[in-house]
Amino acid sequence: QVQLVESGGGLVQAGGSLRLSCAASGRTTMHYNMGWFRQAPGKERTFVATINWSGDITYYADSVKGRFTISRDNAKNTVNLQMNSLKPEDTAVYYCALRTGSGVAMGSNEYSYWGQGTQVTVSS
């Protein structure tokens with residue numbers, strides 16, 4: 001089995017920054033592609049960013065491109081999401097996810113394991 005635990009969420013003013021981390025444990029977790037998704041109240045869960053197992057391929061949602069950066073440290077079994085220039089519309093619960101299939105993906109149904117989520121609130 002695979003366990004994912006997110007941390008780093010919180011309350012920040014618009015224009016501020018937060019760094020989310022996802023600690024992975026279990027079977028060979030760092031040979032898989034990882035992603036971040038978010039879900040705002042009353043809305044569907046949406047794709048934010050993804051990174052392949054070696055860390056040299058990344059994709060971002062248009063809404064966060066240029067502001068967010070996904071990275072991974074396979075030695076520490078962690079995946080991070082650096083969020084800069086935060087906006088009130090970034091407010092959501094952020095989820096880390098692991099994909100067992102090959103290649104990166106942006107659909108939530110492509111990911112097999114999920115963390116419990118961490119709340120990010122951006123005040124105006």
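Among residue pairs with one or both ends in residues 40-50, none qualify as salt bridge (charged side-chain N to carboxylate O under 4.0 Å, His left out); sequence neighbours excluded. The salt bridge (charged side-chain N to carboxylate O under 4.0 Å, His left out) pairs that include a residue from residues 52-63 are Asp62-Lys65, where partners are two or more places apart or lie in different chains. Sequence neighbours left out, the pairs with a member in residues 110-124 that pass salt bridge (charged side-chain N to carboxylate O under 4.0 Å, His left out) are Arg99-Glu110. Within the structure, the salt bridge (charged side-chain N to carboxylate O under 4.0 Å, His left out) test picks out no pair touching residues 6-16 (sequence neighbours left out). Within the structure, ring-ring contact (aromatic ring centres under 6.0 Å, His included) pairs that include any residue of residues 57-86 do not occur (at least two apart or interchain). Annotation: disulfide (SG to SG under 2.5 Å) contacts involving residues 51-124, sequence neighbours excluded, comprise Cys22-Cys96. The disulfide (SG to SG under 2.5 Å) contacts involving residues 49-95 comprise nothing, where partners must be two or more places apart or lie in separate chains.
Taken together through direct or relayed side-chain contacts under 4.5 Å among Ile, Leu, Val, Met, Phe, Trp and Tyr, Val104 and Val79 form parts of separate hydrophobic clusters. No continuous path of hydrophobic side-chain contacts links Ile51 to Tyr95 [ILVMFWY only; heavy atoms under 4.5 Å]. Residues Ile57 and Met106 are members of one and the same hydrophobic cluster, defined by side-chain heavy-atom contacts under 4.5 angstrom among Ile, Leu, Val, Met, Phe, Trp and Tyr. The hydrophobic cluster containing Tyr113 also contains Met34, counting ILVMFWY residues as joined when their side-chain heavy atoms lie under 4.5 angstrom apart, directly or transitively.
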Test side-chain contact (heavy atoms from CB on, under 4.5 Å) on Asp90 and Arg38 and set out the steps.
CA-CA 9 Å; Asp90 294 318; Arg38 65 187 181 186; 2.9 Å; yes
Show your working on side-chain contact (heavy atoms from CB on, under 4.5 Å) between Thr118 and Leu20 and close with a plain yes or no.
CA-CA 8 Å; Thr118 185; Leu20 304 183; 4.0 Å; yes
side-chain contact (heavy atoms from CB on, under 4.5 Å), that's the test. Do Gln39 and Thr46 meet it? Break it down for me.
CA-CA 6 Å; Gln39 187 167 17; Thr46 59; over 6 Å; no
Verify side-chain contact (heavy atoms from CB on, under 4.5 Å) between Ile70 and Trp36, making sure each step is shown before the conclusion.
CA-CA 8 Å; Ile70 188 171; Trp36 285 96; 3.6 Å; yes
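Side-chain contact check for Thr78 versus Arg72: every heavy-atom pair is 4.5 Å or farther apart. The shortest distance between side-chain heavy atoms of Leu81 and Val48 falls below 4.5 Å. Side-chain atoms of Leu4 and Leu98, non-hydrogen and from C-beta on, do get closer than 4.5 Å to each other. By the 4.5 Å heavy-atom criterion applied to side chains, Gln116 and Val5 are counted as neighbours. Taking the side chain as every heavy atom from C-beta outward, Thr50 and Thr58 never approach each other to under 4.5 Å.
In terms of the side-chain contact (heavy atoms from CB on, under 4.5 Å) criterion, residue partners of Glu89 (sequence neighbours excluded) are, by chain and number, Lys87. For Ser71, there are no side chain to side chain donor-acceptor pair (under 3.5 Å) partners at least two apart in sequence or on another chain. Residues satisfying the side chain to side chain donor-acceptor pair (under 3.5 Å) test with Ser21, not counting sequence neighbours, are Asn80. For Phe37, the ring pair (Phe, Tyr, Trp, His ring centres under 6.0 Å) test picks out Phe47, Tyr111, Trp114, with sequence neighbours left out. Applying the side chain to side chain donor-acceptor pair (under 3.5 Å) rule to Thr100 yields the partners Ser112; only residues at least two apart in sequence or on another chain are considered.
A side-chain donor-acceptor contact under 3.5 Å links Ser25 and Gln3. Between the side chains of Asn84 and Ser17, at least one donor N or O sits under 3.5 Å from an acceptor N or O.
Between the side chain of Thr91 and the main chain of Val122, a donor-acceptor pair closer than 3.5 Å is present. Judged by distance alone, the side chain of Asn33 and the main-chain N or O of Trp53 form a donor-acceptor pair under 3.5 Å. Within the 3.5 Å criterion, the main-chain N or O of Ala23 finds no donor-acceptor partner in the side chain of Asn77.
Taking both residues in full, the closest heavy atoms of Gly117 and Val93 are given as CA-CG1, 3.8 Å, listed atom of the first, atom of the second, then distance. Scanning both residues, Pro88 and Ser124, for their nearest heavy atoms gives CG-CB, 3.8 Å.
Atom CG of Leu18 is separated from atom OG1 of Thr121 by 9.5 Å, given to the nearest 0.5 angstrom. Rounding to the nearest 0.5 angstrom, the gap separating the CD atom in Gln82 from the CZ atom in Arg67 is 12.0 Å.
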